[in-house]
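Everything below concerns the one structure shown next.
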Amino acid sequence: MTSAAAATHPRRVGDIDVTVLSDGYLDASLEVARNLPPAPEALIRRHGGRVPPRISVNTFLVRSAGRRALIDTGSGDSMGPTLGQLPRALAAVGVAPGAIDAILLTHMHPDHSNGLSDAAGRRLFPNAEVVLHENEIPHWFDDAAMARAIESQRIRYFGQARQQIAPYRDRVREFRAGEVFPGVTAIPIPGHTPGHTAFLIASGNESLLVWGDTVHIPELQVPRPEVTMMFDTDPDAAARSRVRVFDMAASENLPVAGMHLHFPGFARMTKSAGNFVLVSES
Ligand SMILES: [Zn+2]
């Protein structure tokens, strides 16, 4: 992966440039899934997926009204050699980290926010503000929630979230909903984490819904939205948000993009005989 070409993919949304920047991929085990139907492997294969699932990690550069935002930062150097490719992808499209004005976070999990800061506690995006839902940081700084979490998540999730955000503490902008960057509207979709957020990018009569972690394994959770992940903060709420986002994307025929849709991650949601069907496009 380190010798491969940086993976980037441009798209236009009206006057806004959206470029997918791949942070890489990870090979996951179905052991992270909960509430599985019988024979999940067969279901995944029937929908064209591989087992064990290979999960893309995508980030998005948004250039709008003369400003530059990144939606999520990938995993930095915290998750092994198949990930942490965002800095190379950003360089490949000719954008310096110091030219990023804002980082819009869908949520704080290692594969989304560990690219904010380096191990020495320096900002990797020295001039950026961090923009995220008001419920996100309080959750990761909640000692009681940390004590309730399973042991493997205490350092990996709570500890690293605290560490990653620290160098930005005087430049955090929190929102509830609404426009957070020119042409970009925040839509809270809580459950996966308390502040999990989708971003609707719109310009002219075009739009694109960047739906964060609405799905982790598309071939499983599109046909079976009730399947949750062991790292969902509130699995029932995550499943409800997933169906709400699917319904919105299908009924409004919205192009969607996802952090864990297969690179480059553009698709449309349709409904066939009562079942959701995701059709990839690029
Ligand atoms: Zn994720």
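All heavy atoms count here, side chains included; hydrogens, waters and symmetry mates do not. Whatever order the structure lists ligands and atoms in, that order sets their numbers, starting from 1.
Taking the Zn ion (ligand 1) as the apex, the angle formed with OD2 of D213 and NE2 of H112 is 90°, to the nearest 10 degrees.
Looking at D213 and H260, their side chains do bring a donor and an acceptor atom within 3.5 Å of each other. T106 and D72 share a side-chain donor-acceptor pair at under 3.5 Å. Inspection of the H112 and Q164 side chains reveals no N or O donor paired with an N or O acceptor under 3.5 Å.
Of all N, O or S atoms in D111, the one lying closest to the Zn ion (ligand 1) is OD2.
Two residues are said to be in side-chain contact when any heavy atoms from C-beta on lie closer than 4.5 Å; L61 and V18 fail this criterion.
The nearest N, O or S atom of H107 is not closer to the Zn ion (ligand 1) than 2.8 Å. The Zn ion (ligand 1) does not have H216 among its coordinating residues (no N/O/S atom, backbone or side chain, under 2.8 Å).
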